[in-house]
Amino acid sequence: MKKLYTNIVLVLMAALTMTTFTSCDKDSDLAYDLDGIWQGTIVGDYYSDRYGVTRTDYDTEICFHQDGAFSRGGTGYEIDRESWSGITQRFNFVWRVNNGRIYIEYDDGYRVIIRDFETYYMGGNMRFRGYFDDYDTGQPMASFNLVKVAQRYSYANDLVSNDSITVTKD
């Protein structure tokens, strides 16, 4: 009986060890890479669809807050700044990565899907580029190219900035 009990305990410990140390899936890896603040441009019909304007010279900042190191999503915000007037608009959102796509739902009801994206390093900076599609119709809206300007470590609740930008704590 003692031998059976010992064997059961060993099997349970082995199973627990395997589930504890297995690697993350691709979607949670992508979510981990997104965690932080990104700045750059969005080119296409995104701003006209979003704001009803024909001008496209906006600067955009998007912040992804991952809900934990192994989460597939979280919360965030987007700030769009009109280059010609300096007027800014900010929207909060929830996001998730599912099957290699990023689904974003803004607090005002606007929704987009980010597809065919990649994160990569260039010149020592992490970059993020891809395409925005309309959430409801799937129609392409815009392309984007962003640079990571700050890494957010979810577990510490701090932002760590690159040398070029000073970012304050949330």
Side-chain angles (χ1 to χ4, degrees), residues 20-50 56-81 83 88-108 110-170:
T20 303
F21 294 113
T22 57
S23 65
C24 309
D25 63 271
K26 273 188 164 185
D27 287 345
S28 61
D29 288 344
L30 292 170
Y32 180 81
D33 288 343
L34 290 176
D35 193 54
I37 298 176
W38 302 84
Q39 293 178 340
T41 58
I42 300 173
V43 178
D45 294 333
Y46 176 76
Y47 297 117
S48 63
D49 186 57
R50 182 99 168 111
T56 60
D57 45 349
Y58 283 81
D59 297 317
T60 297
E61 176 176 296
I62 300 176
C63 179
F64 293 96
H65 295 268
Q66 188 183 19
D67 280 342
F70 301 106
S71 170
R72 293 182 187 142
T75 59
Y77 66 81
E78 177 179 326
I79 299 173
D80 297 317
R81 185 173 297 106
S83 302
T88 62
Q89 296 192 47
R90 177 187 168 126
F91 295 96
N92 296 317
F93 60 79
V94 293
W95 62 279
R96 72 185 185 289
V97 180
N98 189 16
N99 293 324
R101 291 181 174 222
I102 304 165
Y103 295 85
I104 298 178
E105 297 183 43
Y106 294 89
D107 57 1
D108 67 345
Y110 194 74
R111 303 182 309 172
V112 297
I113 298 171
I114 298 176
R115 65 163 169 88
D116 298 333
F117 65 90
E118 66 177 332
T119 57
Y120 62 99
Y121 281 94
M122 178 186 244
N125 293 316
M126 189 171 212
R127 297 182 180 267
F128 175 39
R129 67 179 170 199
Y131 301 92
F132 281 104
D133 288 347
D134 183 276
Y135 191 100
D136 297 313
T137 66
Q139 293 297 312
M141 293 175 13
S143 63
F144 64 90
N145 193 355
L146 307 173
V147 175
K148 188 177 252 186
V149 297
Q151 175 65 47
R152 182 180 178 278
Y153 294 98
S154 299
Y155 57 87
N157 235 1
D158 283 334
L159 292 172
V160 180
S161 71
N162 290 346
D163 294 335
S164 61
I165 292 184
T166 302
V167 179
T168 58
K169 190 172 183 171
D170 285 302

Let me confirm one number: the [atom1]-[atom2] distance from [X] to [Y], rounded to the nearest 0.5 Å.
X      : Y      : atom1 : atom2 : value
Phe70  : Asp29  : CZ    : CG    : 9.5 Å
Thr88  : Asp59  : OG1   : CG    : 11.5 Å
Leu30  : Arg72  : CG    : CZ    : 11.0 Å
Asp133 : Gln139 : CG    : CD    : 8.0 Å

For [X], all residues meeting side chain to side chain donor-acceptor pair (under 3.5 Å), sequence neighbours excluded:
X      : result
Thr60  : Tyr47, Asp80
Arg101 : none
Asp108 : Arg50

Contacts of type salt bridge (charged side-chain N to carboxylate O under 4.0 Å, His left out), residue [X], not counting sequence neighbours:
X      : value
Arg129 : Glu118
Asp33  : none
Arg96  : Glu105
Arg127 : none

For [X] and [Y], work out which heavy atoms get closest and say how close.
X      : Y      : result
Ala142 : Ile42  : CB-CG2, 3.6 Å
Leu34  : Ile102 : CD1-CD1, 3.3 Å
Pro140 : Arg115 : CB-NH2, 3.9 Å
Tyr110 : Met141 : OH-CE, 3.1 Å
Ala31  : Gly73  : CB-N, 4.2 Å
Thr41  : Leu146 : N-CD2, 3.8 Å

- [ ] With sequence neighbours left out, write down each residue that passes side chain to side chain contact (heavy atoms under 4.5 Å, CB included) with Phe93, or none if nothing qualifies.
- [x]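 In terms of side chain to side chain contact (heavy atoms under 4.5 Å, CB included), with neighbours along the sequence ignored, Phe93 is linked to Ile62, Phe64, Glu78, Trp95, Ile104, Tyr106.
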
- [ ] Just jot down the side chain to side chain contact (heavy atoms under 4.5 Å, CB included) partners of Asp136, sequence neighbours excluded, or say none.
- [x]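 Side chain to side chain contact (heavy atoms under 4.5 Å, CB included) list for Asp136, sorted by chain: Arg111, Asp134.
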
Open item on the list: Checking the side chain of Asp35 only, and the main-chain atoms of Gln66 only, is there a donor and an acceptor separated by less than 3.5 Å?
Closed with: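 Side chain of Asp35 to backbone of Gln66, a donor-acceptor pair under 3.5 Å: yes, one is there.
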
Task: Pairing residues for Phe128 by the ring-ring contact (aromatic ring centres under 6.0 Å, His included) criterion, not counting sequence neighbours - done: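 Partners of Phe128 by the ring-ring contact (aromatic ring centres under 6.0 Å, His included) criterion, ordered by chain and then number, come out as Trp38, Phe117, Phe144.
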
Task: ring-ring contact (aromatic ring centres under 6.0 Å, His included) involving Tyr46 - partner list, sequence neighbours excluded - done: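 With neighbours one apart ignored, the set is Phe132.
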
TODO: Evaluate the criterion side-chain contact (heavy atoms from CB on, under 4.5 Å) for residue pair Ile37 and Tyr77; output intermediate values, then yes/no.
DONE: CA-CA 9 Å; Ile37 298 176; Tyr77 66 81; 3.7 Å; yes

Open item on the list: Could you check whether atom OH of Tyr120 has more than 12 heavy atoms from other residues, nucleotides or ligands sitting under 6.0 Å from it?
Closed with: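 Counting other residues, nucleotides and ligands, OH of Tyr120 exceeds 12 neighbours.
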
Open item on the list: More than 12 heavy atoms of other residues, nucleotides or ligands under 6.0 Å from OH of Tyr131: yes or no?
Closed with: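 Incorrect, the count does not exceed 12.
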
